[in-house]
Amino acid sequence: MSASLGHNSIKGGSCLLGNRMLSTTVVTPSSSESGFPSDLLTSKKSVTTTEHTQGLYQDLVMPVTNFHFEDKGLVVLAGDVFDLPIRKDIVHRVVRWQLAKRQQGTHSTKTISEVSGTGRKPYPQKGTGRARHGTLRGPQFRGGATMHGPKPRSHAIKLNKKVRRLGLKIALSARAAEGKLLVFDDLEVPTHKTKNLVHWVDQMEGSKKLLLVDGGPINDKLKLATQNLHYVNVLPSIGLNVYSILLHDTLVMSRNAVERIVERMHTLQ
């Protein structure tokens, strides 16, 4: 099943975004970009934005912060990654593929040739008045074989790479549309103490389970700070997947993670 990205409607015209290669750029108050309004780059003024219609493949401008809720500028999220129409059927297919692929498939039952026991005929064929049996290892006897039982196998199903990639884009777009996507300058924590991270989570209203995504390997201090919190999980950007996003109501990504995800989505392989 192929997914079509469609067109993007912009005030004053329309442009085709099916093959557009968008890059994620960072805008800070010290940026020299003359085309960006200077009043939006000042941290003292509030930014007033018009109501955004989700699913139009438009680039999103989001504020960048950190664990201390400090203003770290703005970041532009690529519209062909973070602003796709929500398609539950694609998400369902990707989650089903993930759960099937991670099954171990080590279940096994013994056939009649594998069951331990004698091969002797239990009693004569005729003269006893009982049913005819040639072995006590048959499936009708206690401790006997299991017929047509499960054997070790792979439960993985095939799903095209384009569909899997589209599912991840839709999951990211859903979190961005809900306002549950946060972009941090980095995920560096000053200490490995769990209580500091708990205090930070308590200040976030409406967040019951968080997923922290960093660009590279996870910082050791962040690992220690989150390993005892069942409602906070960490992942590198290479491990970000649809099922993990759906399990957490809030997604926190570092600036580096956003860049790597966009680069990964734009890689045509």
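Just so you know, these numbers come straight off a predicted model, no measurement behind them.
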- Message: Set out, in order, the CA-CA distance, both residues' side-chain angles and the distance that settles side-chain contact (heavy atoms from CB on, under 4.5 Å) for His266 and Val81, then state yes or no.
- Response: CA-CA 9 Å; His266 289 167; Val81 177; 4.0 Å; yes
- Task: Might you work through the salt bridge (Lys or Arg N to Asp or Glu O under 4.0 Å) test for Arg255 and Glu188, ending with a clear yes or no?
- Result: CA-CA 12 Å; Arg255 186 175 277 168; Glu188 297 291 333; over 6 Å; no
- Begin from the C-alpha positions of Thr65 and Lys72 and carry the test side-chain contact (heavy atoms from CB on, under 4.5 Å) through to its verdict. CA-CA 5 Å; Thr65 181; Lys72 294 294 182 178; 5.7 Å; no
- Message: If you apply the rule side-chain contact (heavy atoms from CB on, under 4.5 Å), what do you find for Val252 with Leu211, and how did you get there?
- Response: CA-CA 6 Å; Val252 180; Leu211 178 63; over 6 Å; no
- Apply side-chain contact (heavy atoms from CB on, under 4.5 Å) to the pair Val76 and Leu74, showing each step before the final yes or no. CA-CA 7 Å; Val76 179; Leu74 300 172; over 6 Å; no
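With rounding to the nearest 0.5 angstrom, the CD atom of Gln58 is 7.5 Å from the OG1 atom of Thr53. Distance CZ/Arg87 to CZ/Arg93: 8.5 Å, rounded to 0.5 Å. Rounding to the nearest 0.5 angstrom, the gap separating the CD1 atom in Ile261 from the CD atom in Glu259 is 11.5 Å. Atom CG of Leu246 is separated from atom CD of Gln98 by 8.5 Å, given to the nearest 0.5 angstrom. Between atom CZ of residue Phe67 and atom CG of residue Leu212 there is a gap of 5.5 Å, rounded to the nearest 0.5 Å. Leu187 CG to Ile218 CD1: the interatomic distance, rounded to the nearest 0.5 Å, is 7.0 Å.
Annotation: side chain to side chain contact (heavy atoms under 4.5 Å, CB included) contacts of Ala177 (sequence neighbours excluded): Gln54. Looking at residues two or more places apart in sequence or on another chain, you find a side chain to side chain contact (heavy atoms under 4.5 Å, CB included) between Thr135 and Ile112, Arg137. Partners of Thr106 under the side chain to side chain donor-acceptor pair (under 3.5 Å) rule, at least two apart in sequence or in another chain, do not exist in this structure. Every side chain to side chain contact (heavy atoms under 4.5 Å, CB included) that Phe141 has, sequence neighbours left out, goes to His133, Leu136. With sequence neighbours excluded, no residue satisfies side chain to side chain donor-acceptor pair (under 3.5 Å) with Glu263. Taking Ser207 as the reference, Thr250 meet the side chain to side chain donor-acceptor pair (under 3.5 Å) condition, with sequence neighbours excluded. For Glu178, the side chain to side chain contact (heavy atoms under 4.5 Å, CB included) test picks out Arg175, Lys180, with sequence neighbours left out.
Phe69 and Met62 are assigned to two separate hydrophobic clusters, defined by single-linkage of ILVMFWY side chains at heavy-atom distances under 4.5 Å. When hydrophobic clusters are built by joining Ile, Leu, Val, Met, Phe, Trp and Tyr residues whose side-chain heavy atoms come closer than 4.5 Å, directly or via intermediates, Phe82 is grouped together with Val75. Clustering ILVMFWY residues whenever any of their side-chain heavy atoms sit less than 4.5 angstrom apart, transitively, puts Val262 in the very cluster that holds Val64. One hydrophobic cluster, built from ILVMFWY side chains closer than 4.5 Å, cannot hold both Tyr243 and Leu210; they sit in different ones.
Without hydrogens or angle criteria, Ser237 side chain to Ala257 main chain gives no donor-acceptor distance under 3.5 Å. Counting only distance, with no hydrogens or angles, the side chain of Asn160 and the backbone of Val163 share no donor-acceptor pair below 3.5 Å. Although no hydrogens or angles enter the test, the distance criterion places no donor-acceptor pair under 3.5 Å between the side chain of Asn66 and the main chain of Phe184. When atom types are taken as modelled, the side chain of Asp83 and the backbone of Gly55 share a donor-acceptor pair closer than 3.5 angstrom.
Other residues, nucleotides and ligands contribute over 12 non-hydrogen atoms within 6.0 Å of the NZ atom of Lys151. Within a 6.0 Å radius of NZ in Lys121, more than 12 heavy atoms belonging to other residues, nucleotides or ligands are found. Taking a 6.0 Å sphere around NZ of Lys209, one finds it holds more than 12 heavy atoms contributed by other residues, nucleotides or ligands.
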N/O donor-acceptor pairs under 3.5 Å from side chains in residues 195-203, not counting sequence neighbours:
{"unit_1": "His199", "atom_1": "NE2", "unit_2": "Gln203", "atom_2": "NE2", "d": "3.2"}

May I have the list of side-chain donor-acceptor pairs in residues 222-235 shorter than 3.5 Å, sequence neighbours left out?
{"unit_1": "Thr226", "atom_1": "OG1", "unit_2": "Leu222", "atom_2": "O", "d": "2.8"}
{"unit_1": "Thr226", "atom_1": "OG1", "unit_2": "Lys223", "atom_2": "O", "d": "3.4"}
{"unit_1": "Asn233", "atom_1": "ND2", "unit_2": "His248", "atom_2": "NE2", "d": "2.8"}

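For residues 99-126, the set of pairs meeting the ring pair (Phe, Tyr, Trp, His ring centres under 6.0 Å) definition, not counting sequence neighbours, comprises His107-His155. Legend: ring pair (Phe, Tyr, Trp, His ring centres under 6.0 Å) pairs involving residues 205-229, not counting sequence neighbours: none detected.
Closest heavy-atom contact between Pro122 and Gly134: CD-C, 3.8 Å. Considering all non-hydrogen atoms of both residues, Arg264 and Leu240 come closest at NH2-O, 3.3 Å. Among all heavy-atom pairs drawn from Leu84 and Tyr57, the shortest one is CG-CE2, 3.6 Å. Trp97 and Ile157 get closest at one heavy-atom pair: CD1-O, 3.0 Å. Across Met253 and Leu181, no two heavy atoms sit closer than the pair SD-CD1, 3.8 Å. Scanning both residues, Gly206 and Asp249, for their nearest heavy atoms gives O-OD2, 4.0 Å.
Within the hydrophobic cluster formed by Ile, Leu, Val, Met, Phe, Trp and Tyr side chains joined at under 4.5 Å, directly or through other members, Ile238 stands alone, with no partner residue.
Within the 4.5 Å cutoff, side-chain heavy atoms of Ile86 are placed close to those of Ile170. Two residues are said to be in side-chain contact when any heavy atoms from C-beta on lie closer than 4.5 Å; Asn256 and Asp186 fail this criterion.
Between the side chains of Ser254 and Asp214, at least one donor-acceptor pair of N or O atoms lies under 3.5 Å.
Among the candidates Leu172, Leu168, Leu166, the single residue satisfying the side chain to side chain contact (heavy atoms under 4.5 Å, CB included) test with Val242 is Leu168.
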